[in-house]
Amino acid sequence: MERGFKSRCEEMARSLRRELGLGHVDPLDADQLAGYLDVSVWSVSEIGLSDHDLRQLVEVDADSWSAITVAAFGREAIIVNPVHSRGRYSSDVMHELAHLILGHDPSTVFFVGEGEIALRGYNSVAEEEASWLAAVLLLPREALMHIRRRRIPDRESTELYGVSKRLLTFRMNVTAVDRQFKSRKMPAAQRR
């Protein structure tokens, strides 16, 4: 990621919340953002696949994919795996929306053999940027500070923001919010 990218992500999260009429610590629902960006979100079960192909994607290979953005007739749609948890769904949809917000070129998808899907043009920098922005959109630093200031339990926080415990822990660690609040609890003499 280029210098300043992480700070720009925090500003994008603030800006989108303002545009949507949300406060700076309000949860940002992935479906709400998709609607605002005029991006449809469909379960793979809604796109007319054969029973065999659908079973392959949601039962046999359920952990091998999460979401993908497709474009047709000048519109984008995100196809999601319906068997994943709410937290993973939120992350997956936000990740795909982040690609669109950042203007990333989509990967080419093609079918090989008996219904196997392959991606061409995987861009590791674009994936890293989309993952970072998605996490910030869901849990900006201001929201993390709000959670700790109000002493909202992690379980309640994950429900409120629609995220996984893993994402909450990750964001608390990479932003150093938890470290900041732990040092406040320590007596001054021990902080030195």
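Here the structure is a predicted model, which means the values were calculated and not measured. Heavy-atom basis, side chains included; hydrogens, waters and symmetry copies ignored.
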Next on the checklist: Minimum heavy-atom separation for Ser91 and Ala134, please, with both atom names.
Outcome noted: O-CB, 4.3 Å
Checklist entry - Quick one: does Arg141's side chain get under 4.5 Å of Val177's, heavy atoms only? => result yes
Next on the checklist: Counting C-beta onward and ignoring hydrogens, is there a side-chain heavy-atom pair between Ile68 and Ile78 closer than 4.5 Å?
Outcome noted: no
Next on the checklist: Ignoring hydrogens, what is the shortest heavy-atom contact between Val136 and Cys9? Give both atom names and the distance.
Outcome noted: CG1-O, 3.5 Å
Next on the checklist: Show, in sequence, the C-alpha distance, side-chain angles and deciding distance for Asp31 and Tyr89, and conclude whether the side chain to side chain contact (heavy atoms under 4.5 Å, CB included) test is met.
Outcome noted: CA-CA 10 Å; Asp31 289 325; Tyr89 170 89; 2.5 Å; yes
Checklist outcome for this item: Taking every heavy atom of Val44 against every heavy atom of Pro82, the minimum-distance pair comes out as CG1-CD, 3.7 Å
Checklist entry - Can you check whether Tyr161 reaches Asp26 side chain to side chain, under 4.5 Å on heavy atoms? => result no
Checklist entry - Should the pair Lys6-Glu129 be classified as a salt bridge under the 4.0 Å nitrogen-to-oxygen rule? => result no
Checklist entry - How long is the gap from OG on Ser90 to CG on Leu137, to the nearest 0.5 Å? => result 11.5 Å
Checklist entry - Would His99 and Thr69 satisfy side chain to side chain contact (heavy atoms under 4.5 Å, CB included), going step by step from the backbone distance to the final call? => result CA-CA 9 Å; His99 279 301; Thr69 301; 5.8 Å; no
Checklist entry - Is Asp154 salt-bridged to Lys165, going by a charged N under 4.0 Å from an acidic O? => result yes
Next on the checklist: With rounding to the nearest 0.5 angstrom, report the CG to OG distance, Asn81 to Ser43.
Outcome noted: 8.0 Å
Next on the checklist: Is there a side chain to side chain contact (heavy atoms under 4.5 Å, CB included) between Leu28 and Tyr36? Walk through the geometry before answering.
Outcome noted: CA-CA 11 Å; Leu28 175 56; Tyr36 176 74; over 6 Å; no
Item to check | Straight-line distance of Leu97 CG to Leu133 CG, nearest 0.5 Å | outcome: 9.5 Å
Checklist outcome for this item: Between Arg17 and Leu138, the two heavy atoms sitting closest are NH2-O, 3.8 Å
Checklist entry - Within a strict 4.5 Å, meaning less than it, do heavy atoms of the Gln180 and Met145 side chains meet? => result yes
Checklist entry - Are side-chain heavy atoms of Leu100 and Leu37 found at a separation under 4.5 Å? => result no
Checklist entry - If you look at every heavy atom in Thr158 and Arg86, which pair is closest and at what distance? => result O-NH1, 4.4 Å
Checklist entry - Would Arg171 count as a cation-pi partner of Trp132, with NZ or CZ less than 6.0 Å from the six-membered ring centre and within 45° of the ring normal? => result yes
Item to check | Considering all heavy atoms, the nearest Ala130-Ala98 contact | outcome: O-CB, 3.5 Å
Next on the checklist: If you count heavy atoms of other groups shown closer than 6.0 angstrom to CD of Gln32, is the number above 12?
Outcome noted: yes
Item to check | Rounded distance [0.5 Å steps], CZ in Arg88 versus OG in Ser164 | outcome: 10.0 Å
Checklist entry - Looking at Glu11 and Arg18, does any basic side-chain N land under 4.0 Å from a carboxylate oxygen? => result yes
Item to check | Met172 side chain reached by Arg179 side chain, heavy atoms, under 4.5 Å | outcome: no
Item to check | Atom pair OG1 (Thr175) and CD (Glu142), whose distance is rounded to the nearest 0.5 Å | outcome: 11.5 Å
Checklist entry - Stepwise, does the side chain to side chain contact (heavy atoms under 4.5 Å, CB included) test hold for Glu10 with Arg14? => result CA-CA 6 Å; Glu10 293 286 347; Arg14 280 189 294 278; 3.9 Å; yes
Item to check | Flag side-chain contact, heavy atom, 4.5 Å: Val93 against Leu33 | outcome: no
Next on the checklist: Side chains of Asp178 and Leu144, heavy atoms from C-beta outward: is any pair under 4.5 Å?
Outcome noted: no
Checklist entry - Does a sphere of radius 6.0 Å around CZ in Arg166 hold more than 12 heavy atoms from other residues, nucleotides or ligands, not counting ones at 6.0 Å or beyond? => result no
Checklist entry - How far does CZ of Arg148 sit from NZ of Lys182, to the nearest 0.5 angstrom? => result 8.5 Å
